[in-house]
*Asks:* 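Would you mind keeping the following structure in view while I ask a few things?
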Amino acid sequence: MATFAEFFAGIGLVREAIEPLGWECVFANDIAQGKAEMYDARFGLRDFVVGDIRGVAAQDLPAEIDLVTASFPCIDLSLAGNRAGLAGKHSGTIWPFLEVLAAYSRRNGQGSRPAAVLLENVTGFLSSHGGRDLAEVCRFLAALGYVIDLVVVNARWFAPQSRPRLFVLAVRADDANRCLSTAGPARSSGAVTRIRPRIVRRFQDAHADLPFVELPLPEPPQNAPHALSFFLEDLAADDERWWPDDKTKTLLRHMAGQHRRRVEKLAAGERNGVATMYRRRRNGRTVGEVRDDSIAGCLRTPQGGSSVQFLVDCRTGKPRIRPLTGREYARLQGATRFPIRVSDRQAQMGFGDAVCVPALRWLVRHAFGHIVTVEKPCEAVTPPNLRPARSASG
Ligand SMILES: C[S@@+](CC[C@H](N)C(=O)[O-])C[C@H]1O[C@@H](n2cnc3c(N)ncnc32)[C@H](O)[C@@H]1O
């Protein structure tokens, strides 16, 4: 077994992803009581400290930690946010986290600092403040004795949800030979690939002073094994979460032609008759924007009016609309067996900004496989109770 500490743990989907790989969680921290409640239902709170990262001290952590993870808040780094970057009060929480990591490494002595560090955030992290934010973080890690890989992994390769995320993978420089057996230092001319796209290469080119390496990651899958329709709950026709007919009709009437045509095609049986939709305000009206593929858009926490994702279900031939349920959010994040004992809204809050389980599992298995060698068998991502959607004829 190897040990890990998860910061910004939320409901614990990092733990959900990597525990089956043989990682044992020895410390978790998050400020949100509602998330801790959901974490508790899945894992218990024995290792969980509920509170502000600013109140966590290196002495609070156990002595032996092999991996430290931090999927810190994205609000100030995302396009939809305020672009305050790491100076923002949310995403800026990475600094107290890094201070804890530094103090922990000092306390334990450089020789026994964690073997690896994983940071996760939106891809906007790469360009925040012209790249200066990410460069500063990389410099901090380099000063602690880490070499760094930058990769972008999209959840859509593992589950039917578009969710590109940047991962900063740091491994100890004095230990790097163990994991870099098949890859050398990243060069500025490094190939553009799906996980190291042009935006990553440009960042590396612009920061040649930083100690970049390439961990031996394989080519990720092309597509998720199951379409969106496979992950839907079967709600009764009279479930109050379905919109009333008149509300649906009004929205369809106000839809831009392109989106209305997508709904018509669903009703004709395309894409298993289902798609997801965001609600937007355009020219003082509420309109619906329907996806034209078989996956969901990026899940978010339901804080703003436009951040909840809706299902447009035409499987009976007649369009019906409802918000995606908390259980569907969980499934789209690959957390198929997670107990949900809270309201839909609280579940959407918990799963909306969590990590996608199979994507993270794939990444940690390949990036940090050299640290842990004994894998426990993983649960299947698709639960047995899931059925494919009914055909359009019912
Ligand atoms: C992107 S989410 C992480 C989700 C988590 N990885 C999961 O899979 O559930 C960011 C988390 O940071 C937490 N957070 C925000 N500000 C914090 C602070 N000052 N101290 C500790 N946690 C904080 C939020 O409650 C939220 O759960």
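Each residue takes its place number in the sequence, starting with 1. When a ligand or atom number is given, it counts from 1 through the structure's own listing order.
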*Asks:* Taking the ring of F338 and the ring of F351, is the distance between their centroids below 6.0 Å?
*Replies:* yes
*Asks:* Apply the side chain to side chain contact (heavy atoms under 4.5 Å, CB included) test between L228 and each candidate in D293, N272, T276; give the one that qualifies.
*Replies:* T276
*Asks:* Please evaluate residues E6 and Y39 with respect to the criterion side chain to side chain donor-acceptor pair (under 3.5 Å), reporting the C-alpha separation (whole Å), side-chain torsions for both, the decisive distance (0.1 Å), and the verdict.
*Replies:* CA-CA 12 Å; E6 55 172 342; Y39 191 105; 2.8 Å; yes
*Asks:* Could you walk me through whether D313 and R322 pass the side-chain contact (heavy atoms from CB on, under 4.5 Å) check?
*Replies:* CA-CA 8 Å; D313 185 343; R322 63 166 172 81; 5.7 Å; no
*Asks:* Taking the basic N atoms (NZ, or NE/NH1/NH2) and the acidic carboxylate oxygens, is any pair closer than 4.0 Å for E233 and R327?
*Replies:* no
*Asks:* Heavy atoms under 4.0 Å from ligand 1: which residues qualify?
*Replies:* F8, A9, G10, I11, G12, L13, N29, D30, I31, A32, K35, G51, D52, I53, R54, S71, P73, T93, D353, A354, V355
*Asks:* Atom CD of residue position E24 - does it have more than 12 heavy atoms of other residues, nucleotides or ligands inside 6.0 Å?
*Replies:* yes
